[in-house]
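Reading through the structure tokens given below for one structure.
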Number of protein chains: 2
Amino acid sequence: MRGTSKYDREVLSALECDERFRSCQEIHSRLAEARGGGSRPPSLSTVYRTLHRLARQGEIDTIHAEDGERLYRRCETSPHHHLLCRVCGRVEEIPHAWELRPVLDRVGYQSGFSELGCSLQLSGVCPDCGRSVPTGEDPEERGADAVL
Amino acid sequence: MRGTSKYDREVLSALECDERFRSCQEIHSRLAEARGGGSRPPSLSTVYRTLHRLARQGEIDTIHAEDGERLYRRCETSPHHHLLCRVCGRVEEIPHAWELRPVLDRVGYQSGFSELGCSLQLSGVCPDCGRSVPTGEDPEERGADAVL
DNA sequence: AGATTATTGATAATCGTTTTCATTTTCGCA
DNA sequence: TGCGAAAATGAAAACGATTATCAATAATCT
Ligand SMILES: [Mn+2]
Ligand SMILES: [Mn+2]
Ligand SMILES: [Zn+2]
Ligand SMILES: [Zn+2]
């Protein structure tokens, strides 16, 4: 086969059941820790390459942190959106909102664009973090894109 | 006044009526070119600082390019979404889709999250670019987030 | 096995962004 | 209007995630 790595499974399982998006370096050091002894973990280069491949193949999702850093996460195969906690980074997977379809159709028709796609990024404050953050946090921190 | 720059206006007008998102460096060199002579343009540092401030104040919108680079654009004040051409980067502003409200409400109720916000990123191929790109472009290029 | 090709790891290079800090400008106020 | 404090600026260095390089190693094929 071509374009594979013997670390594919390992990287995927490091991502498995993770409640947050992780950076390449986090994943790399996680792989290093998860070793009893004997075998050596893959190099950082290899983890970067593996994540690239898995992302291109659709095995994992990619987002950009505020500072541009790439973060990865293993996702369900079914279409879904992400709801991120703005405080702790926890991710909730939201079933795909089919209600968006008519909206997209209308947009496509009016704009003349074709091959329409959309990515809906949801954010909020998770139940855990909600307790510690009393009320009306600085509205300027919510970011300009938080339109709703 | 506090936290201003005498270049605020200049940066804003460099962004004015632009059909694409621009990087800080693009804006910086645009400011340099737009000078007949005499006065010197602001330094790159100052442009970075000015863009930060304007973004924090909601005067401009920020997105991340695929490689993480920050791109800026002057936006209307009314809530809206962005439709980007995946080929040439042209931006169409889409009036805010109020149809999303019930979707968000449902998500918020089911997830227990509060302070819900969303950013809807639309993408497609603009009429101009559509002519040159026959059909069914490599579907893997559309990105994992293109869920619709 | 021997030749060929792909993968790996260590290191250097890249490049957008941030930090630092000395210098200049602006502001508050006598 | 002149002086001291505070803010803004520019030049350069530092930073840090990502990418490129390339020699060494491992896998594959005949
Ligand atoms: Mn997901
Ligand atoms: Mn906009
Ligand atoms: Zn949280
Ligand atoms: Zn286009």
Side-chain angles (χ1 to χ4, degrees), chain A residues 1-12 14-15 20-35 37-57 59-73 89 141 143-144, chain B residues 1-12 14-15 20-35 37-57 59-73 89 141 143-144:
Chain A
M1 198 182 303
R2 183 164 174 189
T4 46
S5 157
K6 58 178 171 180
Y7 298 110
D8 279 19
R9 293 161 177 271
E10 205 172 337
V11 168
L12 278 176
L15 245 21
R20 302 204 318 129
F21 279 81
R22 301 291 179 182
S23 71
C24 180
Q25 314 217 32
E26 278 178 308
I27 295 163
H28 176 249
S29 47
R30 180 171 298 199
L31 292 181
E33 294 166 9
R35 306 247 161 186
S39 62
R40 287 187 329 183
S43 69
L44 187 56
S45 303
T46 296
V47 179
Y48 269 112
R49 287 188 279 240
T50 302
L51 288 171
H52 275 163
R53 184 168 348 99
L54 294 174
R56 181 165 40 80
Q57 295 171 352
E59 298 284 326
I60 57 181
D61 269 12
T62 307
I63 63 172
H64 284 112
E66 272 319 298
D67 62 351
E69 186 182 28
R70 279 210 239 314
L71 304 177
Y72 302 91
R73 185 160 187 273
E141 286 300 313
Chain B
M1 198 182 302
R2 181 162 177 193
T4 46
S5 158
K6 58 178 170 180
Y7 298 111
D8 279 19
R9 293 161 177 270
E10 205 172 337
V11 168
L12 278 176
L15 245 22
R20 301 204 318 128
F21 280 79
R22 302 291 180 183
S23 71
C24 180
Q25 314 214 35
E26 279 178 307
I27 295 164
H28 177 249
S29 45
R30 179 170 298 199
L31 292 181
E33 294 165 10
R35 306 249 161 184
S39 60
R40 288 186 330 181
S43 69
L44 187 57
S45 302
T46 296
V47 179
Y48 269 112
R49 286 188 278 240
T50 302
L51 289 171
H52 275 162
R53 183 169 348 97
L54 293 175
R56 182 166 38 82
Q57 293 170 351
E59 298 285 325
I60 57 181
D61 268 12
T62 307
I63 63 172
H64 283 112
E66 270 320 298
D67 63 351
E69 188 182 27
R70 280 212 237 314
L71 304 176
Y72 302 90
R73 184 159 186 274
E141 286 301 314

Distance (rounded to the nearest 0.5 Å) between A/I63 CD1 and A/E69 CD: 10.0 Å
Any A/H52 side-chain nitrogen or oxygen under 4.0 Å from OP1 or OP2 of D/dT19: yes
Sole candidate of B/T50, B/L44, B/V11 that passes side chain to side chain contact (heavy atoms under 4.5 Å, CB included) when paired with B/C24: B/L44
Nucleotide D/dT18, atom C1' - distance to CG of A/D67 in whole Å: 13 Å
Working for side-chain contact (heavy atoms from CB on, under 4.5 Å), residues B/R53 and B/S5: CA-CA 9 Å; B/R53 183 169 348 97; B/S5 158; 3.7 Å; yes
Test side-chain contact (heavy atoms from CB on, under 4.5 Å) applied to B/Q25 and B/S29, step by step: CA-CA 6 Å; B/Q25 314 214 35; B/S29 45; 5.8 Å; no
Whole-Å distance separating the OH atom of B/Y48 from the P atom of C/dT19: 13 Å
Output a table of nitrogen or oxygen pairs between the protein and nucleotides 8-10 of chain C separated by less than 3.5 Å.
unit_1: C/dT8; atom_1: OP1; unit_2: A/S5; atom_2: OG; d: 3.2
unit_1: C/dT8; atom_1: OP1; unit_2: A/K6; atom_2: N; d: 3.4
unit_1: C/dG9; atom_1: OP2; unit_2: A/S43; atom_2: N; d: 2.8
unit_1: C/dG9; atom_1: OP2; unit_2: A/S43; atom_2: OG; d: 3.1
unit_1: C/dG9; atom_1: OP2; unit_2: A/T46; atom_2: OG1; d: 2.6
unit_1: C/dG9; atom_1: N7; unit_2: A/R49; atom_2: NH2; d: 2.7
unit_1: C/dG9; atom_1: O6; unit_2: A/R49; atom_2: NH1; d: 3.4
unit_1: C/dA10; atom_1: N6; unit_2: A/S45; atom_2: OG; d: 3.4

B/R70 vs C/dT18: side-chain N/O to OP1/OP2 distance below 4.0 Å: yes
Considering all heavy atoms, the nearest A/R35-A/Y7 contact: NH2-CE2, 4.1 Å
Verdict with reasoning, A/R70 to B/H64, per side-chain contact (heavy atoms from CB on, under 4.5 Å): CA-CA 11 Å; A/R70 279 210 239 314; B/H64 283 112; over 6 Å; no
Shortest non-hydrogen contact between B/R22 and B/E26, atoms and distance: CA-OE1, 3.3 Å
Between D/dA17 (C1') and A/H28 (NE2): distance, integer Å: 14 Å
Protein-nucleotide distance (B/L71, atom CG; C/dT17, atom P), rounded to Å: 8 Å
Nearest heavy atoms of B/A14 and B/I27, plus distance in Å: CB-CG2, 4.4 Å
A/D8 CG to C/dT7 P, straight-line distance once rounded to whole Å: 10 Å
Integer-rounded Å distance: D/dC15 C1' and A/E69 CD: 13 Å
Terminal axes of the helix from C/dA1-D/dT30 to C/dA30-D/dT1 (five pairs each): angle between them, nearest 10 degrees: 30°
Between D/dG16 (P) and A/H64 (NE2): distance, integer Å: 19 Å
Side-chain donor or acceptor of A/H28 paired with backbone N/O of A/S45 under 3.5 Å: no
